[in-house]
Amino acid sequence: MRQGAPWPKQRAFQGTILPDLSIVICTLNEAGAIGGVIDEIGAAFAGRSHEIIVVDDDSKDGTHDVVRQRARAGAPVRLVVRRGRRGLSSAAIEGWNAARGARLAIMDGDGQHDPRTLRALDDAVAEGRADLAVMSRYHDAALEGFGRRRAAMSRMATWFTSLVLHSPLTDPMSGMFVMRRALFEEARPKLTGVGFKILADVVSSLHTRPRIFEASAQLRTRVAGESKLDLRVIFDLAGLLTEKATGGVIPARFVPFALVGATGVLVHAVFLTIGVKALALPFALAQGIGIWVTMTWNYWLNNNLTFRDRRRRGWSFVYGAFLFYLACAGGAIIAELSATAMHRVNVHWLAAGVFGALLSGVWNFVASSFLTWRAPRKAVEETQGSVEEIPLDAAQSTASR
């Protein structure tokens with residue numbers, strides 16, 4: 001199909017397009033690839049009713065303009081622009097919530113996924129051979145399109161995910177799959193929406209094991225965008241698996257928050273040592289400086305890791321630091337009072353101190369979640385206010401049914 005070529009007409013039902021398949025593509029600065037991906041989908045799904053929902057995290061490179069151009073050419077594409085929020089999993093959920101198809105799919109917008117593979121996956125679900133059809137990089141296929149470091153991280157994450165979830169999937173980290181809408185409806189109440197690995201989130205949120213079909217495929221060379229697989233994604237995955245393994249007792253975000261806190265202990269020890277030993281400061285002063293540096297370190301790291309989808313910038317970052325100090329001050333008071341109370345009733349000093357620290361950590365997590373990185377109160381209204389949708393022309397789509 002020529003780039004930007006007009007799409008064939010499709011019959012509308014009572015003025016509304018009712019696609020069989022809704023394909024969600026989550027983008028961030030992928031203007032160089034998204035147009036070609038939309039064109040390829042049009043060619044691969046010729047003769048099958050579908051819609052494309054591009055959920056964009058407010059790209060600054062012209063991604064929106066490319067999507068609008070394809071919509072004007074007749075492509076069945078809708079653009080959802082999210083502002084103030086980041087993350088592939090949450091974007092995928094928003095896209096599926098807005099979808100109208102009987103089957104729901106997801107694929108990357110950077111050119112690495114071949115839409116012809118997506119068509120094969122959709123065939124399996126449409127024909128009733130599977131409830132969930134997944135592109136697998138490990139099912140009779142070699143890792144292509146990966147550097148050595150990314151390939152190693154992907155295999156490690158895949159192995160760990162399979163171990164925890166006991167899933168029959170050979171590639172639970174895959175970013176291309178198709179599922180029946182009923183599967184999403186079943187999983188949705190338990191989806192965490194954290195991180196980038198939405199397939200693992202979906203599978204681990206189901207009550208029953210779905211019928212699975214896997215298709216071997218290799219990743220193509222990325223056309224635009226950047227790899228999302230880094231250490232932050234690994235931390236997110238660890239949190240997701242922890243929440244699922246504990247039945248939600250331990251929230252997904254608590255894992256990276258606790259890991260950040262562990263690094264803060266080391267930072268505090270280093271600065272305390274420097275203050276007392278190297279600078280000969282009074283202990284109380286060195287302790288105070290160490291606490292302030294540690295809180296600042298924890299705030300910066302949590303802002304860029306644990307809560308990066310709600311990341312504070314500019315003056316909001318400064319105000320957020322004040323709120324974080326306030327939350328941690330409350331945690332320090334709780335730790336001191338609880339540890340002292342336990343020690344007075346003959347609990348060993350070490351056990352009392354550890355319990356106080358744990359209680360303080362829980363307080364700091366809960367308080368900072370609601371105080372420092374608070375989710376919008378009116379999530380639905382704000383989502384609607386920050387969404388730009390390109391409506392489909394009821395006389396245009398991919399092909400006649």
For the [atom1] atom of [X] and the [atom2] atom of [Y], what is their distance to the nearest 0.5 Å?
| X | Y | atom1 | atom2 | result |
| --- | --- | --- | --- | --- |
| R253 | S368 | CZ | OG | 10.5 Å |
| M179 | L104 | CE | CG | 5.0 Å |
| W373 | R310 | CH2 | CZ | 10.5 Å |
| L305 | L259 | CG | CG | 8.0 Å |
| L301 | T296 | CG | OG1 | 12.5 Å |
| L266 | T294 | CG | OG1 | 9.5 Å |

May I ask you to decide if [Y]'s main-chain N or O and [X]'s side chain share a donor-acceptor pair within less than 3.5 Å?
| X | Y | answer |
| --- | --- | --- |
| D110 | Q112 | yes |
| E243 | T192 | no |
| R78 | A98 | yes |
| R312 | A321 | no |
| D201 | G193 | yes |

*What is the ring orientation for F324 with Y299, classed by angle as parallel under 30°, tilted 30 to 60°, or perpendicular over 60°?*
tilted

*Name the orientation class of the two ring planes belonging to F254 and F365 (parallel below 30°, tilted from 30 to 60°, perpendicular beyond 60°).*
perpendicular

For [X] and [Y], which heavy atoms make the closest approach, and how far apart are they?
| X | Y | result |
| --- | --- | --- |
| N364 | G331 | OD1-CA, 3.4 Å |
| D171 | S136 | CB-OG, 3.5 Å |
| S49 | P19 | OG-CA, 3.1 Å |
| F257 | T306 | N-OG1, 3.6 Å |
| A187 | L206 | CB-CD2, 3.7 Å |
| E186 | T208 | OE2-N, 3.3 Å |

*Could you walk me through whether R48 and D123 pass the side chain to side chain contact (heavy atoms under 4.5 Å, CB included) test, one step at a time?*
CA-CA 10 Å; R48 178 162 298 175; D123 287 343; 2.8 Å; yes

Is [Y] close to [X] at the side-chain level, that is, under 4.5 Å between some pair of heavy atoms?
| X | Y | value |
| --- | --- | --- |
| N29 | S59 | yes |
| M107 | I41 | yes |
| T372 | F307 | no |
| L132 | V125 | no |
| R70 | D39 | yes |
| L359 | W363 | no |

*Not counting sequence neighbours, list each pair that qualifies as a ring pair (Phe, Tyr, Trp, His ring centres under 6.0 Å) and has a residue in residues 91-123.*
W96-F177, W96-F184

_Full working for side chain to side chain contact (heavy atoms under 4.5 Å, CB included) between D58 and H64_ = CA-CA 8 Å; D58 202 14; H64 307 167; 3.9 Å; yes

*Decide if atom CZ of R188 counts as having more than 12 heavy atoms of other residues, nucleotides or ligands within a radius under 6.0 Å.*
yes

*Has F322 got more than 12 heavy atoms of other residues, nucleotides or ligands less than 6.0 Å from its CZ?*
no

*With side chain to side chain contact (heavy atoms under 4.5 Å, CB included) as the test, would you mind laying out the steps for V37 and E30 before giving the verdict?*
CA-CA 10 Å; V37 170; E30 290 166 5; over 6 Å; no

*Taking only Lys NZ, Arg NE, NH1 and NH2, and the carboxylate oxygens of Asp or Glu, determine whether R119 and D122 approach each other closer than 4.0 Å.*
no

*I would like to know whether L191 and V202 meet side chain to side chain contact (heavy atoms under 4.5 Å, CB included); could you show each step before the answer?*
CA-CA 7 Å; L191 292 175; V202 169; 4.0 Å; yes

_Partners meeting salt bridge (Lys or Arg N to Asp or Glu O under 4.0 Å) with D57 (sequence neighbours left out)_ = R82

*Using the side chain to side chain contact (heavy atoms under 4.5 Å, CB included) rule, pick out the option among V80, D56, L88, I53 that qualifies with C26.*
L88

*Non-neighbouring partners of T246 that pass side chain to side chain donor-acceptor pair (under 3.5 Å), sequence neighbours left out*: none

